[in-house]
Amino acid sequence: MQRLDKFLSEAGAASRREIKKLVRSGAVTVNGSPAKAPEQPVSETDVICLHGQPVEGRRIVVLMLHKPAGYLSATEDAKDPTVMDLLPEKYRIWGVAPVGRLDKDTEGLLLLTNDGDLAHRLISPASGVEKVYYARHEGSCTEADVSAFAAGIMLKDGTLCKPAKLEPLGPGESRVTLTEGKYHQVRRMLASLGHPVSYLKREREGTLTLGDLPKGEYRELSMDCFV
Ligand code: URA
């Protein structure tokens with residue numbers, strides 16, 4: 001059980017102050033009857049309406065987004081569109097934010113959640129979650145490049161990357177598997193071997209793949225995927 005005013009404000013229906021007025025005016029109903037007071041306890045099974053429209057309560061959610069190029073992995077930005085612009089407004093109100101980042105120009109699988117503990121667990125390098133990327137790049141990767149990835153690449157600024165997997169797929173394309181997420185990591189690793197990247201897509205994170213999710217669209221994942 002929780003208070004009606006808390007339910008409505010967390011759902012983003014109105015501010016606490018407005019809610020008082022709305023309840024007094026009879027605009028809020030609980031299971032079809034006018035709400036009695038803002039402090040009234042409500043449960044998950046109660047149907048709460050505002051001006052006759054059902055209000056969806058805030059839930060803990062995990063979303064998988066097929067991120068297109070051109071969007072920042074952020075909740076807001078003064079200049080560029082963010083991945084939040086691709087989602088219904090309710091998720092912003094519920095406090096959903098990207099888990100880690102894909103670069104503005106990178107496409108593919110991006111998780112978002114309003115579960116802070118889960119976000120922390122997924123981002124932590126200690127989690128060892130595999131992230132798999134498809135890259136198109138200049139030149140073709142060689143067996144020497146594969147060995148360099150396996151040994152752990154030293155980036156131009158001296159940053160040492162953990163051992164990673166490089167699979168050359170053909171001229172100018174490769175698949176890369178990482179267990180960490182440094183800034184521009186795939187682009188910088190391939191560039192350090194003379195293969196600047198022209199296109200990058202994250203295909204997999206742990207056991208999660210995009211499946212047939214179209215670019216620019218999202219779906220809610222079951223929390224069971226993360227227990
Ligand atoms: N590595 C990159 O270079 N960019 C990304 O967006 C993700 C991994």
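Every number for a ligand or one of its atoms is a count from 1 in the order of the listing.
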Next on the checklist: Checking the N or O distance criterion of under 3.5 Å, is ligand 1 in contact with Arg188?
Outcome noted: no
Checklist entry - Taking only residues two or more places apart in sequence or in another chain, which ones pass ring pair (Phe, Tyr, Trp, His ring centres under 6.0 Å) with Tyr91? => result Trp94, Tyr218
Item to check | Chi angles and distances behind the side chain to side chain contact (heavy atoms under 4.5 Å, CB included) call for Thr106, Val186 | outcome: CA-CA 10 Å; Thr106 302; Val186 174; over 6 Å; no
Next on the checklist: Under a 4.0 angstrom heavy-atom cut-off, which atoms of ligand 1 come close to Asp103?
Outcome noted: 2 (C), 3 (O), 4 (N), 5 (C), 6 (O)
Item to check | Side chain, backbone, both or neither: the part of Leu200 lying under 4.0 Å from ligand 1 by heavy atom | outcome: side chain
Item to check | Proximal atoms of ligand 1 relative to Thr106 (non-hydrogen, under 4.0 Å) | outcome: 4 (N), 5 (C), 6 (O)
Checklist entry - Taking only heavy atoms of His184, which atoms of ligand 1 are found under 4.0 Å from at least one of them? => result 1 (N), 2 (C), 3 (O)
Checklist outcome for this item: His66 meets the ring pair (Phe, Tyr, Trp, His ring centres under 6.0 Å) criterion, sequence neighbours left out, with none
Item to check | Residue Tyr133 vicinity, atoms of ligand 1 by number, heavy atom under 4.0 Å | outcome: 7 (C), 8 (C)
Checklist entry - For residues Glu173 and Tyr199, is any side-chain donor paired with an opposing acceptor at under 3.5 Å? => result no
Checklist outcome for this item: closest protein heavy atom to atom 1 (N) of ligand 1 is Val186 N, 3.0 Å
Next on the checklist: Side chain or backbone, does Arg101 bring an N or O within less than 3.5 Å of an N or O on ligand 1?
Outcome noted: no
Checklist entry - Does Leu110 offer a backbone N or O that forms a donor-acceptor pair with the side chain of Arg202 under 3.5 Å? => result no
Item to check | Main-chain N/O of Gly139 paired with His137 side-chain donor or acceptor, under 3.5 Å | outcome: yes
